[in-house]
Amino acid sequence: MPSSPNMEAPSSEQSTAAHTPRHSGDTLIPLHPTVSLHRTISRGHDPNAADLSYPFRAEAGLTSEYRDTTETGLIRGDTAFRRIRDPEKAKHLADLKLVTFVPNDPEDPRNFSRFFKWYITAVCALSVVEVAFASSVVTGDFNGLEAEFHMGEVVIALSVSLMVCGFGVGPLLWSPLCEIVGRRSIWIFPTIVYIIFIIPCALAKNIQTLLICRFLCGFFASAPLTLAGGTISDIWDNEERGFAIALFAAAPYGGPVLGPIVGGFIGETVGWRWIFWVNMIYAGVMLFFKASIPETFAPTILKRRAARLRKETGDETICTEQEVYKVAFSDMLMDTLIRPFAMLVTEPILLLLSLYIALIYGLLYAFFFSFPVVFGDDYHWNNGLVGLTFISVWIGLALALAVMPLLQRDYMKRADAKGGKAEPEDRLVGMMVGSIWVPISLFIFGWTSPPAVMPGGGNWVGPVSSGIPFGFGMVVIYFSANAYIIDAFPGYVASALAAKTVIRSGSGAAMPLFITAMFHNLGNGWAASTWAFISLAMCPIPFLFYRYGKTIRSKSKRATSA
């Protein structure tokens, strides 16, 4: 590693008295106190790139302690840090020994077997699918809810909107909290509380109970939305994680599509209360799998190892970067509660891309209410058959996943052509490809539905098939936009993603409250076309940022200028 500008870095072979550990199986064994503390060996991560695993570190890029390995498992503090601006701090660091992973370390998540890595990836993706599924599954029997509580469709729609609101609020707490207690605890305990709050939803005697508990379900169920991306980054190195991240990107959109398919048949056969019981069973099964995920957050693993070594050796100079540069919980909350909204005001890239993602996410929830209008009211299909129409969106989603490797290959070619380092704007190619398909899908849906094309024969194929281009464009747009935000704001990843999440959830929560009335009042053709024109107006965004993004970033205080 490069030396500090304020001091001469010791030689990579410089020795210091220390109790340095090696692994024997799963047991740490102290070595002779004169063993050298070698410099770290970089592995699998570009230190200049944003790292989703550690979004809240006080001084981004300060050290690669959590991404590197050493032969001894310890390294002198003043050789580990890339820059030490304070000379007094530098003198203090010379006496410290930072804990690192060792080669083939069994506790290093990157050393898990490939099968186990894919198992964890699958659990992460399915956990996101499960909580997103819960938000929309209730749409399978809105008629039953309206009859039970004697409420109109807008009030009943709040059962979806409030849970999605919980999705927006919950990550503001879970993101910083997992930095303190690790990922495993946040995988498990919020899910337990979430399952508990499903019970009063199923037993609700009044609408107030249902709505309050749905919001609380969304708040506690949102933990996987925060954890999944970081967990995947924990276990896969940069060059390996492309398809794993693609699965994670598709999950928040595939989950809501599954909800009406399942909920429609449950509501049609055994009633709306069983929708929640099935939801609880699904959540309980996923809790079992979540509990099987070990701790993958490297700072937490090494902090526990440092505490164990201090106890075993009595050497109080053994520590981790988090213990040297402690980040206050209040500072973490600042990253997720205050800075995101400041960035939305001052960063046009973040604002426009967040609005674009919010539009796509809102339109997904709009489909949950417009499909019943077309296929339920006009085609007179039952809830089960209406739910099946969402399979077309899943087909589009699967096509998007098939295209992801091609987009990643194109990105790598662009990076190679630029000397191995691509620009953030190179992420926008997928967004440019996907943008046109959303308005196309809406025009197809609106003008192949009644009264433009009346029911009869195979006329249902038109509006049903509109879900394919929508599902494709939705996932490709989200994946590319999300990657661009991460690359454009590497020092403020947590704040940028928090801003995007809040805006996205707000759109998803608002859409169910008026979309049914919009289709009834404007008619299917013009209601769908209104949103098609709005999405068409947003199509130039990725093209403009691809052309002018670098110039805009150069004038930003927070975006990377590279």
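Computed over heavy atoms, backbone and side chain alike; hydrogens, waters and symmetry mates excluded. Heads up: numbering here begins at 1 and tracks the sequence.
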Problem - Where Ser136 and Pro256 come nearest, the two heavy atoms and their spacing - result: OG-O, 2.6 Å
Practice task
Can you see which heavy atom on Ala221 is nearest to which on Met163, and at what distance?
Solution key: CB-CE, 4.3 Å
Fill in the blank from the handout: d(Lys311 NZ, Arg308 CZ) to nearest 0.5 Å is 10.5 Å
Completion exercise
In terms of heavy-atom contacts, Gly467 and Phe367 come closest through CA-CE2, 4.4 Å
Problem - NZ/NE/NH1/NH2 to OD/OE distance under 4.0 Å, Glu323 and Lys303 - result: no
Fill in the blank from the handout: Paired with Arg305, the side chain to side chain donor-acceptor pair (under 3.5 Å) test is passed by just one of Asp105, Thr320, Thr300, namely Asp105
Problem - Over 12 foreign heavy atoms within 6.0 Å of CH2, Trp118 - result: yes
Exercise for the section: Before giving the answer on side-chain contact (heavy atoms from CB on, under 4.5 Å), spell out for Arg214 and Val138 the whole-Å C-alpha distance, their side-chain angles and the decisive distance to 0.1 Å. Expected result: CA-CA 10 Å; Arg214 283 287 283 177; Val138 68; 3.5 Å; yes
Exercise for the section: Kindly say whether the aromatic ring centers of Tyr119 and Phe112 come within a distance under 6.0 Å. Expected result: no
Exercise for the section: Over 60° means perpendicular and under 30° means parallel, so classify the ring planes of Phe545 and Tyr484, tilted if in between. Expected result: tilted
Practice task
State whether the side chain of Glu295 and the backbone N or O of Arg183 hold a donor-acceptor pair below 3.5 Å, judged by distance alone.
Solution key: yes
Exercise for the section: Output yes when Asp141 and Arg273 qualify as a salt bridge under the 4.0 Å nitrogen-oxygen rule, no when they do not. Expected result: no
Handout entry: Side-chain heavy-atom pair Val438, Met538 within 4.5 angstrom cut-off
Key = no
Exercise for the section: Look at the aromatic rings of Phe133 and Tyr282 and report parallel, tilted or perpendicular, splitting at 30° and 60°. Expected result: perpendicular
Handout entry: Residues Thr191 and Lys290: side-chain donor-acceptor under 3.5 angstrom
Key = yes
Practice task
Would you kindly check if the NZ (Lys) or CZ (Arg) of Arg558 is within the cone defined by 45 degrees around the ring axis of Phe489 and under 6.0 Å from the six-membered ring centre?
Solution key: no
Problem - Ser185 (side chain) donor-acceptor with Gly182 (main chain) under 3.5 angstrom - result: no
Practice task
For the pair Thr69 (side chain) and Val102 (backbone), establish whether a donor and an acceptor sit closer than 3.5 Å, ignoring hydrogens and angles.
Solution key: no
Practice task
Please answer whether the main-chain N or O of Val502 pairs with a side-chain N or O of Ser505 as donor and acceptor at a distance below 3.5 Å.
Solution key: no
Handout entry: Interatomic distance, Thr139 atom OG1 to Ile156 atom CD1 [nearest 0.5 angstrom]
Key = 12.5 Å
Problem - Backbone N/O of Ser354 and side chain of Arg504: donor-acceptor pair under 3.5 Å - result: no
Handout entry: Test log, rule side-chain contact (heavy atoms from CB on, under 4.5 Å), inputs Cys319 and Val99
Key = CA-CA 6 Å; Cys319 59; Val99 178; over 6 Å; no
Problem - Plane angle bin for Trp272 and Phe276 - parallel if under 30°, tilted between 30 and 60°, otherwise perpendicular - result: perpendicular
Practice task
Establish, for the pair Arg427 and Tyr411, whether the NZ or CZ atom is under 6.0 angstrom from the six-membered ring centre and no further than 45 degrees off its axis.
Solution key: yes
Exercise for the section: Quick one: do Tyr361 and Tyr253 satisfy ring pair (Phe, Tyr, Trp, His ring centres under 6.0 Å)? Show the steps, please. Expected result: CA-CA 8 Å; Tyr361 193 66; Tyr253 294 88; 5.6 Å; yes
Handout entry: Non-hydrogen atoms of Cys124 and Thr231 that approach each other most closely
Key = SG-CG2, 3.7 Å
Problem - Backbone N/O of Thr560 and side chain of Arg553: donor-acceptor pair under 3.5 Å - result: yes
Problem - Rounded distance [0.5 Å steps], OG in Ser292 versus CZ in Arg184 - result: 8.0 Å
Exercise for the section: Output, in order, the C-alpha distance, side-chain angles, deciding distance and verdict of side-chain contact (heavy atoms from CB on, under 4.5 Å) for Ile196 and Phe220. Expected result: CA-CA 10 Å; Ile196 291 173; Phe220 288 100; over 6 Å; no
Completion exercise
When rounded to the nearest 0.5 Å, the distance separating CG of Asn279 from CD1 of Ile198 is 4.0 Å
Exercise for the section: State whether a side-chain donor-acceptor pair under 3.5 Å links Tyr478 with Lys500. Expected result: yes
Practice task
Work out which heavy atom in Ala246 is nearest to a heavy atom in Leu401; give both atom names and the distance.
Solution key: O-CD2, 3.7 Å
Practice task
Kindly give the heavy-atom pair with the smallest separation between Ser233 and Ile245, and that separation in Å.
Solution key: OG-CD1, 4.4 Å
Practice task
Could you walk me through whether Ser507 and Tyr365 pass side-chain contact (heavy atoms from CB on, under 4.5 Å), step by step?
Solution key: CA-CA 9 Å; Ser507 175; Tyr365 279 86; over 6 Å; no
Exercise for the section: Assess the side chains of Trp236 and Thr121: does a donor N or O sit below 3.5 Å from an acceptor N or O? Expected result: yes
Practice task
Answer yes or no: is there a donor N or O on one side and an acceptor on the other, between the side chain of Ser222 and the main chain of Leu225, under 3.5 Å?
Solution key: no
Problem - Heavy-atom check, side chain of Phe297 versus side chain of Cys178, under 4.5 Å - result: no
Handout entry: Between Trp174 and Phe219, ring centroids under 6.0 Å
Key = yes
Problem - Polar side-chain atom of Ser135 near backbone of Ala132 as donor-acceptor pair, under 3.5 Å - result: yes
Handout entry: Whether over 12 other heavy atoms sit under 6.0 Å from Phe116 CZ
Key = yes
Exercise for the section: Check whether any side-chain N or O of Glu423 sits under 3.5 Å from a backbone N or O of Glu425 as a donor-acceptor pair, and report yes or no. Expected result: no
Handout entry: Reported CG-to-OG1 distance for the pair Leu497 and Thr226, which is rounded to 0.5 angstrom
Key = 10.0 Å
Practice task
Would you indicate whether the side-chain heavy atoms of Leu98 and Val324 approach each other to under 4.5 Å?
Solution key: yes
Handout entry: Side-chain donor or acceptor of Asp410 paired with backbone N/O of Leu407 under 3.5 Å
Key = no
Problem - Gap separating the CD1 atom of Ile485 from the CE atom of Met343, nearest 0.5 angstrom - result: 9.0 Å
Exercise for the section: Indicate the ring-plane relationship of Trp437 and Phe472, choosing parallel, tilted or perpendicular according to the 30° and 60° boundaries. Expected result: perpendicular
